[in-house]
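Encoded as structure tokens, the structure appears first; notes follow it.
Protein chains get the first letters and strands the later ones, always in sequence-line order, with residue 1 at the start of each.
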Number of protein chains: 2
Amino acid sequence: MALTINEAATATGWSPRMLRYVEQQGLVEPARSAAGYRLYGPAQLQRLRSLRALLETHGVELGDVGFALRLRRENELASALDGWFDEIPTAPEPPDLPAADERWLAFEQDKHQHLLNL
Amino acid sequence: MALTINEAATATGWSPRMLRYVEQQGLVEPARSAAGYRLYGPAQLQRLRSLRALLETHGVELGDVGFALRLRRENELASALDGWFDEIPTAPEPPDLPAADERWLAFEQDKHQHLLNL
DNA sequence: ACAACTCTAACAGGCTTGTGTCAGGGCCGC
DNA sequence: GCGGCCCTGACACAAGCCTGTTAGAGTTGT
């Protein structure tokens with residue numbers, strides 16, 4: 001009813017090593033027997049197969065999927081990213097500031113930021 | 001009204017090299033002068049500063065943000081990922097299939113998949 | 001009870017990322 | 001027109017990722 005790691009490996013085309021790695025990335029986490037053996041059920045096998053398909057068809061890496069997982073878990077992170085992407089791409093140009101002053105302003109801002117960061 | 005790359009670098013704390021790299025990742029793309037010089041306006045400077053903050057506060061890498069960008073652009077990819085994550089986590093256990101047969105089935109499926117992949 | 005499997009932990013090689021630096025050639029401001 | 005910018009492209013090197021492999025100890029099925 002559940003396959004051990006080597007069986008799951010030959011059944012899905014992953015290597016046993018990679019199955020452990022995939023688990024460590026939090027992507028497919030099999031059940032464990034009393035003694036700690038990994039037990040892959042049909043759901044996990046399906047997941048492993050479709051994961052493989054996902055990577056191949058979209059040219060994506062395991063780490064990327066891991067990051068996507070992180071995005072769904074930490075939604076503070078997700079909204080921070082959303083916020084950044086949606087940041088006004090064309091800044092409200094300060095209308096009447098002379099060029100030289102603007103440079104100076106940027107420089108000052110940076111100086112202050114550095115002070116804060118240190 | 002717009003800073004050159006070295007000015008933008010000192011204004012944001014990135015190195016000039018990294019500004020080019022960030023641009024190559026598609027994250028902050030400055031305008032170009034007629035001769036091809038990068039021109040960073042206030043919007044880009046702001047974006048660079050907040051990007052830096054984003055990386056630091058959330059322990060994220062540039063490549064991760066690049067991948068997030070890819071997610072917003074290729075929404076086929078995004079929905080594929082969503083689909084994978086939402087795949088039934090507890091498979092509908094085929095009710096009356098003997099265990100041995102199930103293993104054999106998985107093996108056969110794999111064999112066919114390999115045939116297709118080669 | 002013995003062979004064949006599993007576990008974790010670790011090291012190792014190849015590939016990718018992040019970052020600096022340099023070279024050769026063009027542009028800018030004084 | 002000259003010193004100091006900027007461009008692209010390339011090499012270099014540390015750090016990290018991916019993957020295989022090995023070692024030592026425990027488990028399982030016949």
Side-chain angles (χ1 to χ4, degrees), chain A residues 1-41 44-45 48 51-52 54-56 58-70 98-100 103-104 106-107, chain B residues 1-41 44-45 48 51-56 58-70 98-100 103 106-107 114 117:
Chain A
M1 168 189 139
L3 308 197
T4 73
I5 194 171
N6 262 322
E7 295 166 328
T10 49
T12 60
W14 295 91
S15 72
R17 177 66 165 90
M18 287 312 289
L19 289 187
R20 298 197 183 95
Y21 187 67
V22 167
E23 177 181 8
Q24 176 186 309
Q25 301 289 306
L27 298 180
V28 176
E29 304 181 322
R32 296 294 189 119
S33 80
Y37 283 26
R38 289 170 182 81
L39 297 175
Y40 292 87
Q44 280 78 43
L45 296 182
L48 286 170
L51 176 58
R52 167 179 286 289
L54 187 63
L55 299 191
E56 283 171 8
H58 289 84
V60 171
E61 316 263 331
L62 267 182
D64 294 335
V65 185
F67 181 69
L69 175 60
R70 220 189 130 192
R103 289 201 183 183
W104 176 83
F107 179 74
Chain B
M1 170 186 137
L3 308 197
T4 75
I5 194 171
N6 262 324
E7 294 166 328
T10 51
T12 60
W14 294 91
S15 72
R17 177 67 166 86
M18 286 311 290
L19 289 188
R20 298 198 182 94
Y21 187 68
V22 166
E23 177 181 7
Q24 176 185 312
Q25 301 290 304
L27 299 180
V28 176
E29 305 181 322
R32 295 297 188 117
S33 80
Y37 284 23
R38 289 170 182 82
L39 297 175
Y40 292 86
Q44 281 78 43
L45 296 182
L48 286 170
L51 177 58
R52 169 178 283 288
L54 188 63
L55 299 190
E56 282 171 7
H58 290 85
V60 171
E61 318 263 332
L62 269 180
D64 294 336
V65 185
F67 181 68
L69 175 61
R70 219 188 130 194
R103 289 202 183 182
F107 179 75
H114 272 117
N117 284 347

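Proximity of B/V65 to B/V60: side-chain heavy atoms (C-beta onward) are separated by under 4.5 Å at one or more points. At least one side-chain heavy atom of B/L62 sits less than 4.5 Å from a side-chain heavy atom of B/L51. With contacts defined as side-chain heavy-atom distances shorter than 4.5 Å, the pair B/Q44/B/L3 does not qualify.
Comparing D/dC5, C/dG20, D/dG20 by their closest approach to the side chain of B/T4 singles out D/dC5. Candidate nucleotides C/dC7, D/dT19, C/dC27 were compared by shortest atom distance to the side chain of B/Y37, and C/dC27 ranks first. Relative to the side chain of B/R20, the nucleotides D/dT8, C/dT19, D/dT28 differ in distance, and D/dT8 lies closest. Here the side chain of A/I5 is nearest to one of D/dC7, C/dT8, C/dT6, namely C/dT6. Closest to the A/N6 side chain, of the nucleotides C/dT6, D/dT28, D/dC7, is C/dT6.
Remark: P of C/dT19 and CE of B/M18 are 4 Å apart, rounded to the nearest angstrom. B/E61 places its CD atom 14 Å from the C1' atom of D/dA14, with the value rounded to the nearest Å. For the pair B/E7 CD and D/dG4 P, the computed distance is 16 Å after rounding to whole Å. The separation between A/L39 atom CG and D/dT28 atom P is 10 Å, rounded to whole Å. Taking atom CG of A/L19 as the reference point, atom P of D/dT19 lies 11 Å away to the nearest angstrom. Summarising the geometry, the separation between CZ on A/R17 and P on C/dG13 is reported as 15 Å, rounded to the nearest angstrom. At whole-Å resolution of the value, CZ in A/R38 and P in D/dT27 are 15 Å apart. Rounded to a whole Å, the CZ atom of A/R32 is 8 Å from the C1' atom of C/dC7.
When the side-chain nitrogen and oxygen atoms of A/S15 are compared with OP1 and OP2 of D/dG20, one or more of them lie within a distance under 4.0 Å.
The backbone N or O of A/V22 sits nowhere less than 3.5 Å from a side-chain atom of A/Q25 that would complete a donor-acceptor pair.
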(request) Go through the steps for A/T12 and A/Y40 under the test side-chain contact (heavy atoms from CB on, under 4.5 Å), then give the verdict. (result) CA-CA 11 Å; A/T12 60; A/Y40 292 87; over 6 Å; no
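Both A/S33 and B/A35 sit near DNA chain D, but only B/A35 has its closest nucleotide nearer the 5' end.
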